[in-house]
Amino acid sequence: MADLHELSAVQLRDALAEGKLSAREATEHYLRRVEARNKGLGAFITVTAEQAMRDAATADNHYVHTARGSGANALPLLHGMPVAFKDLTDVAGVVTTHGSAALDHRPAPADGVLAAALKAQGVISLGKTQVPEFGLTAYSENRIAPPSRNPYAMSRSSGGSSGGSAAAVAAGLVPFAPGTDGGGSVRIPAAACGLVGLKPGRGLVPAGESTGDPARLVVAGPLARRAEDAALMLDALMPDALMLDAQDPLGPTGGYLAAVKREPGRLRIGISLDSPWQGIFPFTPDPEALEALAKGTRMLEAAGHTTSEAAIRYDNRYPDAFTTAWTAGVGAARISPRREPLLTPLTRTFRRRAQQRSATKVAEAVGFLRQFQRDTIAQYAAWDLIMTPALAQTPRPVGWFTGTHGDGPWPTEWAGDADGDYRRQCEYAPWSSMVNACGLPAITLPVHWTDGTSGSPLPMGIQLIGPMGSEALLLQVGAQLGF
């Protein structure tokens, strides 16, 4: 057998279910990987090794008493699979820091909805992964732990807000991981770290934790090395899908893992560089982003799909409405006034503005986003899928957004400039948040690597956006393209 971390998540799951590998063996292997690599990588904030080994022993005892008598089908779907949860998700008995030095760090009294759902399917939690403060940013850097770095170039960021989880998967510290995505927080780090990242549609799976989400932007989704691994986690998050036998071509038949093995039909794919942010923050995509888009186009056409330009018109009121809805929760977070100076400049700025807004202003923003959703989906309906670059720029250096630490030097005016920080994020990932506002599913695929002339080769990807209920279709396309 290959080294365990070289197995796909599906292969590892099968080995555990068939008794070829014990949960303790798998857990020990990945904990050794974490111990060896995390200090430089910064993927984990907290490692719960002792609890993980106790849980693995319990899983092995369950296997002895269940699988041998009733067959592997009696085991939970993810029996013995090591995972890690981003540090916005409550795991019973483990501190949830929310990436903030301004909070009291106390153990969570119970599992949050996302951890409870996956634990019910048999996973073993190895710990909590690095996040930005309150999950607000497209990079995973905060004031309580070292930044999460990109395994392919340690001077670069792994993205955010699920950046620690993405780094852990890409570095082989876990076979796959759940993330949460309220404005790109699964897809951005997946793209930065060369992974498959799936954001399901609104309401499909448990949303995970969010400190106030009036527009229902946040949804949980998998970070994985392969489409079939993402499908396996989606089956665990949606066990009812395993029982479906629908005729709907967009829906799974017998679950997402079964669906991903089937070929999609020929699709009409619209290619777009339009973004709702370009009116307020004009940007030019990096050549590497355009190269990834061109590579994705060639791959899709070679697979039998047709592509054409998609000119999408976005309402220029979107940036203000999204920002209002996205930052509403941080204004309501319970933080002692004496500890507010411990917040990062970006959090402190958006918290102050959120507290100054009226409830009416927030309601108006949410109402606009619902109209934006209807208008945008109506335009997308001319194609089966919409394709954009996953990111407009190559993975950014650690410290680049804030200009306050890392491998600079950065322009001195960047340090502490919350609005500049936010603008740089929107220019870096201008095609992410609109998908959350629309409630649609989307997937990122690592179709391209830079030539490495200016350093290590870096992953660049495409994003495919589908209509509601198209998660199985997106995974099928990803598998068809070899991911």
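Residue indices begin at 1 and follow the sequence shown. Scope of the values below: all heavy atoms of this structure, side chains included, with no hydrogens, waters or symmetry mates.
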Does F401 have its ring centroid less than 6.0 Å away from the ring centroid of Y428?
-> yes
Within the side chain of S158, is there an N or O that forms a donor-acceptor pair under 3.5 Å with the backbone of G163?
-> yes
Aromatic ring proximity, centroids under 6.0 angstrom, W414 and W400 = yes
Establish, from distance only, whether the side-chain atoms of Q373 and R202 form a donor-acceptor pair under 3.5 Å.
-> yes
Thinking salt bridges, do R313 and D375 make one under a 4.0 Å N-O criterion?
-> no
Main-chain N/O of L343 paired to T347 side chain as donor or acceptor, under 3.5 Å | no
When you measure from the side chain of S470 to the backbone N and O of L473, does any donor-acceptor pair fall under 3.5 Å?
-> no
Counting only N and O atoms by type, is there a donor-acceptor contact under 3.5 Å from the side chain of T450 to the main-chain atoms of L458?
-> yes
Are S165 and S162 linked by a side-chain donor-acceptor pair shorter than 3.5 Å?
-> no
Is a salt bridge present between K199 and D181, judged by a nitrogen-to-oxygen distance below 4.0 Å?
-> no
Please walk me through it: do T323 and Y422 pass side chain to side chain donor-acceptor pair (under 3.5 Å)?
-> CA-CA 10 Å; T323 303; Y422 190 59; 2.8 Å; yes
Is the closest side-chain donor-acceptor distance between S308 and W383 under 3.5 Å?
-> yes
Short side-chain donor-acceptor distance under 3.5 Å, R374 and Q371 | yes
For the residue pair W277 and F281, does the interplanar ring angle fall in the parallel (under 30°), tilted (30 to 60°) or perpendicular (over 60°) class?
-> parallel
Provide the closest heavy-atom pair for I280 versus P319 in the form atom of the first, atom of the second, distance.
-> CG2-CG, 3.6 Å
Below 4.0 angstrom, N of the basic side chain to O of the carboxylate: do K361 and D320 qualify?
-> yes
Are the aromatic ring centres of Y314 and Y318 under 6.0 angstrom apart?
-> no
In terms of side-chain geometry, is the basic nitrogen of K295 or E291 positioned less than 4.0 Å from the acidic oxygen of its partner?
-> no
State whether D419 and R353 are salt-bridged, where the test is any N-O pair (Lys NZ or Arg NE/NH1/NH2 against Asp/Glu carboxylate O) under 4.0 Å.
-> yes
Grab the two heavy atoms, one from V205 and one from L237, that are nearest each other, plus how far apart they are.
-> CG1-CB, 4.1 Å
Under the side-chain contact (heavy atoms from CB on, under 4.5 Å) test, which residues partner T284, sequence neighbours left out?
-> none
